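Okay, structure first, notes after.
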Amino acid sequence: MSHGQSRLLERRLVLKNRNNEKIAGILHFSDVLSSQDQNTDQLINNGNGHKNYLFFPLLASKLPMTSFRFDFRGNGESDLGDKPEEDNYERILDEVDDLNLIVNYFISRNWKINTVLGHSRGGSICFLAALQRPFLFRNIVNISGRFFMKKGISYENKDHMHLLDGQDSFFSVIKSQSGREKTLKVTKKTIKYWENLDLKMEKCKCHLRC
């Protein structure tokens with residue numbers, strides 16, 4: 001449905017996951033359509049951590065359909081969760097759970113989910129969620145989300161990889177997320193974790209090609 005001459009309204013929405021942690025987001029909908037309407041195609045978009053990342057607010061304002069964008073745990077208005085910030089590299093499957101939480105909320109209200117959209121890490125999360133539930137999403141829009149996860153973390157930290165020469169060795173990197181700096185810890189366990197994700201992404205590509 002096109003917005004036409006209608007006004008775009010926003011409604012803040014906060015959900016609780018199974019650990020009673022809040023996941024916050026913003027629902028965009030036309031004023032000629034109630035936010036409770038149960039027959040509307042729903043576009044859920046998620047970015048690299050938080051709902052106001054890069055172009056997402058502008059995109060939501062221009063889309064000719066209802067949309068919802070949200071903060072992954074530990075970002076923006078959402079709770080950090082039960083893992084410390086330094087373990088952020090190993091939190092991607094928790095973020096898949098965040099996306100599933102949002103999806104389940106709208107499905108329980110008989111909303112149709114037309115498309116999921118993600119940028120970078122958010123794109124990979126969309127694919128991993130689709131691997132879990134391959135017939136749920138009609139469309140996936142992936143903007144620069146990588147398939148080969150280990151190559152990504154190795155390239156980003158190529159100047160430090162030689163520090164992982166012992167079983168308990170690690171190095172720390174500083175990332176800017178949600179407008180604040182976070183210290184991320186990288187260990188051999190982290191690299192192995194992402195190798196396992198590579199296997200899952202290979203399966204996901206097979207699903208999408210069939």
Side-chain angles (χ1 to χ4, degrees), residues 10-28 35-36 42-53 56 60 67-111 113 116-137 140 145 149 153 170 172-201 203-204:
E10 294 184 1
R11 175 188 170 198
R12 184 173 177 270
L13 183 64
V14 177
L15 306 181
K16 292 291 187 72
N17 63 20
R18 58 176 174 266
N19 297 322
N20 203 36
E21 299 153 353
K22 70 177 182 180
I23 303 296
I26 296 177
L27 179 69
H28 286 254
S35 65
Q36 302 300 319
Q42 179 81 19
L43 186 142
I44 298 176
N45 57 67
N46 61 86
N48 191 16
H50 62 95
K51 59 183 176 295
N52 293 322
Y53 176 69
F56 281 93
S67 68
F68 182 78
R69 68 183 197 273
F70 65 96
D71 297 321
F72 286 113
R73 67 185 69 185
N75 294 278
E77 298 178 275
S78 295
D79 289 338
L80 176 61
D82 59 356
K83 296 183 180 179
E85 291 188 8
E86 68 178 12
D87 287 336
N88 182 274
Y89 269 125
E90 299 181 24
R91 194 183 292 157
I92 192 167
L93 294 184
D94 290 336
E95 293 167 343
V96 173
D97 287 343
D98 293 342
L99 176 56
N100 279 323
L101 173 72
I102 302 298
V103 168
N104 291 339
Y105 171 82
F106 286 107
I107 287 178
S108 70
R109 285 153 178 78
N110 295 323
W111 286 59
I113 300 175
V116 288
L117 180 153
H119 174 268
S120 187
R121 183 179 176 120
S124 301
I125 290 167
C126 290
F127 282 128
L128 288 168
L131 178 60
Q132 293 177 355
R133 308 163 79 176
F135 302 106
L136 181 61
F137 306 131
I140 297 176
M149 313 296 272
I153 192 173
F170 70 92
S172 297
V173 296
I174 298 177
K175 294 280 187 178
S176 178
Q177 294 180 343
S178 304
R180 62 179 184 269
E181 289 188 342
K182 295 182 178 181
T183 300
L184 309 181
K185 183 178 180 180
V186 181
T187 65
K188 283 190 173 182
K189 176 185 174 184
T190 304
I191 301 301
K192 187 63 177 177
Y193 181 91
W194 285 73
E195 286 177 343
N196 291 336
L197 285 180
D198 273 347
L199 295 176
K200 293 179 180 179
M201 296 304 284
K203 294 177 183 178
C204 192

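Any value given below was found using the heavy atoms of this structure, including those in side chains, with hydrogens, waters and symmetry copies removed. These numbers were taken from a predicted model, which means no experiment stands behind them.
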Nearest 0.5 Å please: distance from the [atom1] atom of [X] over to the [atom2] atom of [Y].
X      : Y      : atom1 : atom2 : answer
Ile191 : Asn196 : CD1   : CG    : 11.5 Å
Asp71  : Asn52  : CG    : CG    : 7.0 Å
Arg91  : Asp97  : CZ    : CG    : 12.5 Å
Ile102 : Leu13  : CD1   : CG    : 6.5 Å
Ser67  : Leu117 : OG    : CG    : 10.0 Å
Tyr105 : Phe68  : OH    : CZ    : 8.0 Å

message: Set out, in order, the CA-CA distance, both residues' side-chain angles and the distance that settles side-chain contact (heavy atoms from CB on, under 4.5 Å) for Phe106 and Leu27, then state yes or no.
response: CA-CA 11 Å; Phe106 286 107; Leu27 179 69; 4.2 Å; yes
message: Using the rule given for side-chain contact (heavy atoms from CB on, under 4.5 Å), can you reason through His119 versus Phe56, listing the C-alpha separation, both sets of side-chain angles and the distance that settles it, and then say yes or no?
response: CA-CA 9 Å; His119 174 268; Phe56 281 93; 4.0 Å; yes
- request: Test Ile92 against Arg121 for side-chain contact (heavy atoms from CB on, under 4.5 Å), laying out the working first.
  value: CA-CA 8 Å; Ile92 192 167; Arg121 183 179 176 120; 3.7 Å; yes
task: Quick one: list whatever passes side chain to side chain contact (heavy atoms under 4.5 Å, CB included) with Lys16, sequence neighbours left out.
output: Asn20, Lys22
statement: Across all chains, not counting sequence neighbours, the side chain to side chain contact (heavy atoms under 4.5 Å, CB included) partners of Leu101 are Leu15, Asn17, Ile23
Can you list the residues that meet the salt bridge (charged side-chain N to carboxylate O under 4.0 Å, His left out) rule with [X], with sequence neighbours excluded?
X      : value
Lys192 : Glu195
Arg133 : none
Glu10  : none

message: Taking the cut-offs as 6.0 angstrom to the six-membered ring centre and 45 degrees off its axis, would you call Lys51 and Phe70 a cation-pi pair?
response: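 No; the conditions do not both hold, so Lys51 does not lie above the ring face of Phe70.
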Specify the closest pair of heavy atoms between [X] and [Y], including all atoms of both residues, with the distance to one decimal.
X      : Y      : result
Asn100 : Ala129 : OD1-CB, 4.4 Å
Ala24  : Val14  : CB-CG2, 4.2 Å
Arg69  : Ala60  : NH1-CB, 3.8 Å

- prompt: Given the rule in the side-chain contact (heavy atoms from CB on, under 4.5 Å) test, do Glu95 and Leu128 qualify, once you have shown the distances and angles that lead to the verdict?
  reply: CA-CA 10 Å; Glu95 293 167 343; Leu128 288 168; over 6 Å; no
Side chain to side chain donor-acceptor pair (under 3.5 Å) between Arg11 and His28, intermediate numbers included: CA-CA 7 Å; Arg11 175 188 170 198; His28 286 254; over 6 Å; no
message: Can you list everything that forms a side-chain hydrogen bond (donor to acceptor under 3.5 Å, both in side chains) with Thr187? Sequence neighbours excluded, please.
response: Thr190
- prompt: Looking at side-chain heavy atoms only, is the closest gap between Phe137 and Ile113 below 4.5 Å?
  reply: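 Answer yes - side chains close enough.
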